*Asks:* 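Structure below; questions to follow.
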Amino acid sequence: MEMSKSPEPRNSTTNSEETQWLVEQPAQNTQNTQKAQNSQYTTVHLVRHGEVFNPDHVLYERLPGFHLSERGFRMAHETGRYMARNKSMKNPAAVFSSPLDRTIDTATAIIEEITRKSNSDTSTEHDSTNLAIKTDERIIEARNEFRGKRIGHGEGALWKNGNWRLVLNLWRPSWGESYKEIAARVQDFVFEKVDEFAGKSIIVVSHESPIWSFRHMLETGHPEHNMLLRKTALASVTSFTFEVGTHKLVSIEYADPAANVE
């Protein structure tokens, strides 16, 4: 579930990058060395959209018309500038987005910054034709039965319309699409693109629940989690590197470039 309230201020100490290496290194023998030399790796940069303009604090879910706020656009551009400076991110083979307005806004801002940096840097070889946004339903926001309502208020009050039944199981969760379903569709998309763009990197703009459900499944073996403990800040970047073909996870890296954007 993506919370409908305005995001809380973020501490200035949270804009650091962290890298988590999850795979043990194989024994150094001739066979493994040869295999490593022949392997290809693809990195998928999953980006959460920026802050959304939502003065009524409703849960917008998959509803149309919810674009980024002014701050949200600043966040998206800041993340775009960060990616344009990053050697592993500045030359994406493709840019994908959830079909919703807020993710397309974010992807557009990122492309603008990468293109601007590329055009000003004569040492950068980049084919700008790759930077058209492609949308995919598999990375869309999680389905939620509270859509269009303000949770705890009016029609979103838990004592109205049997809403209390929707919050009986926080781990499934009971208010909509299960974390298992969310992680499965994101994995299907990611593994397909890992092989399609072998040896390259791509940028994918999605939402909090899909990104974290997928990450949690990779790290723990199950996608169910406590939604209050997610680490997927607005306009943050979670980068997954996989071996092509085997889809073996090599690393997960996380960065929050827009943490200090006002």
Side-chain angles (χ1 to χ4, degrees), residues 1-5 7-8 10 14 18-24 43-49 52 58-63 96 98-100 102-103 136-152 156 158 161-194 204-243 246-256:
M1 180 188 292
E2 195 162 297
M3 303 301 290
S4 60
K5 65 181 181 180
E8 297 179 1
R10 284 183 275 191
T14 63
E18 68 175 35
T19 303
Q20 185 168 9
W21 297 96
L22 302 177
V23 180
E24 293 184 3
T43 299
V44 179
H45 304 290
L46 280 172
V47 182
R48 186 183 173 194
H49 61 80
V52 176
V58 301
L59 196 145
Y60 33 77
E61 194 233 30
R62 301 178 181 178
L63 295 175
F96 291 89
S98 153
L100 299 180
R102 56 192 180 273
T103 48
D136 197 297
E137 293 281 346
R138 290 173 291 180
I139 51 175
I140 200 171
E141 175 63 290
R143 188 178 69 255
N144 194 307
E145 296 304 320
F146 281 104
R147 76 184 65 83
K149 301 175 183 178
R150 184 176 179 183
I151 298 177
L158 297 183
N161 307 317
N163 287 337
W164 60 272
R165 296 186 180 91
L166 298 177
V167 294
L168 290 178
N169 187 338
L170 302 183
W171 290 92
R172 183 185 180 273
S174 51
W175 53 76
E177 188 177 15
S178 73
Y179 292 137
K180 183 177 181 179
E181 292 171 318
I182 297 166
R185 59 177 168 84
V186 175
Q187 176 177 275
D188 182 64
F189 168 84
V190 168
F191 285 177
E192 176 187 291
K193 301 310 174 187
V194 165
V204 180
V205 184
S206 186
H207 308 265
E208 179 183 22
S209 183
I211 295 171
W212 188 258
S213 297
F214 177 59
R215 175 175 179 171
H216 199 268
M217 181 180 67
L218 293 175
E219 291 183 318
T220 68
H222 62 86
E224 291 78 18
H225 60 273
N226 183 338
M227 61 179 293
L228 300 178
L229 299 179
R230 293 171 180 164
K231 189 172 184 180
T232 319
L234 289 165
S236 63
V237 185
T238 309
S239 302
F240 302 84
T241 298
F242 296 92
E243 184 177 43
T246 66
H247 303 150
K248 182 179 180 181
L249 178 65
V250 177
S251 67
I252 300 176
E253 300 180 42
Y254 176 82
D256 186 5

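All of these numbers come straight from a predicted model, not from anything done at the bench.
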*Asks:* Check R215, R230, E219, H216 against H225 for a side-chain hydrogen bond (donor to acceptor under 3.5 Å, both in side chains) and give me the one that passes.
*Replies:*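 Filter result, single survivor: R230.
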*Asks:* Could you measure the distance from the CG atom of D188 to the CG atom of D136? Nearest 0.5 Å is fine.
*Replies:*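 Atom-to-atom, D188:CG and D136:CG are 8.5 Å apart.
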*Asks:* Do H247 and V190 come close enough that some side-chain heavy atom pair is under 4.5 Å?
*Replies:*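 No; the side chains remain at least 4.5 Å from each other.
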*Asks:* Walk me through it: do L218 and F242 pass the test side chain to side chain contact (heavy atoms under 4.5 Å, CB included)?
*Replies:* CA-CA 11 Å; L218 293 175; F242 296 92; 3.8 Å; yes
*Asks:* Between the main-chain N or O of S209 and the side-chain N or O of H207, is there a donor-acceptor pair closer than 3.5 Å?
*Replies:* no
*Asks:* Testing the basics here: between T246 and E243, what is the closest heavy-atom pair and its distance to 0.1 Å?
*Replies:*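 That would be OG1-OE1, 2.6 Å.
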*Asks:* Enter the distance from L100:CG to I139:CD1 here, rounded to the nearest 0.5 Å.
*Replies:* 10.0 Å
*Asks:* Nearest heavy-atom pair of P223 and A183: which atoms, and what distance?
*Replies:* CB-CB, 3.7 Å
*Asks:* Looking only at non-hydrogen atoms, find the nearest pair between H45 and S239 and report the distance.
*Replies:*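 So the two residues come closest at ND1-OG, 2.6 Å.
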*Asks:* Got V186 and P210 here, is their nearest side-chain heavy-atom distance under 4.5 Å?
*Replies:* yes
*Asks:* Short question: side chain of R48, backbone of T232 - any donor-acceptor pair under 3.5 Å?
*Replies:*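 Here the side-chain-to-backbone pair exists.
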*Asks:* Side chains of F189 and V204: does their closest heavy-atom pair fall under 4.5 Å?
*Replies:* yes
*Asks:* So, do F96 and R138 sit near enough that their side-chain heavy atoms are less than 4.5 Å apart?
*Replies:*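 The answer is no; the side chains never approach within 4.5 Å.
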*Asks:* Within this structure, what is the CD-CZ distance for the pair E61 and R143, rounded to the nearest 0.5 Å?
*Replies:* 8.5 Å
*Asks:* Determine whether a donor-acceptor pair (N or O, by modelled atom type, separation under 3.5 Å) exists between the side chain of R62 and the backbone of E141.
*Replies:*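 Indeed, once roles are kept as given, a pair shorter than 3.5 Å links the two residues.
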*Asks:* Report the distance from atom CZ of F240 to atom CD1 of I211, rounding to the nearest 0.5 Å.
*Replies:*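 Spacing of CZ (F240) from CD1 (I211) equals 7.5 Å.
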*Asks:* Starting at CG of D256, measure out to OG1 of T238 and round the result to the nearest 0.5 Å.
*Replies:*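 That separation rounds to 9.5 Å.
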*Asks:* Using 30° and 60° as the class boundaries, would you call the ring planes of Y60 and H49 parallel, tilted or perpendicular?
*Replies:*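 Ring orientation of Y60 relative to H49: perpendicular.
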*Asks:* Measure the spacing between CD of E208 and CG of L234 and express it to the nearest 0.5 Å.
*Replies:*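 E208 CD to L234 CG: 7.5 Å, rounded to 0.5 Å.
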*Asks:* Examine the side chains of S98 and S206 and answer whether a donor and an acceptor come within less than 3.5 Å of each other.
*Replies:* no
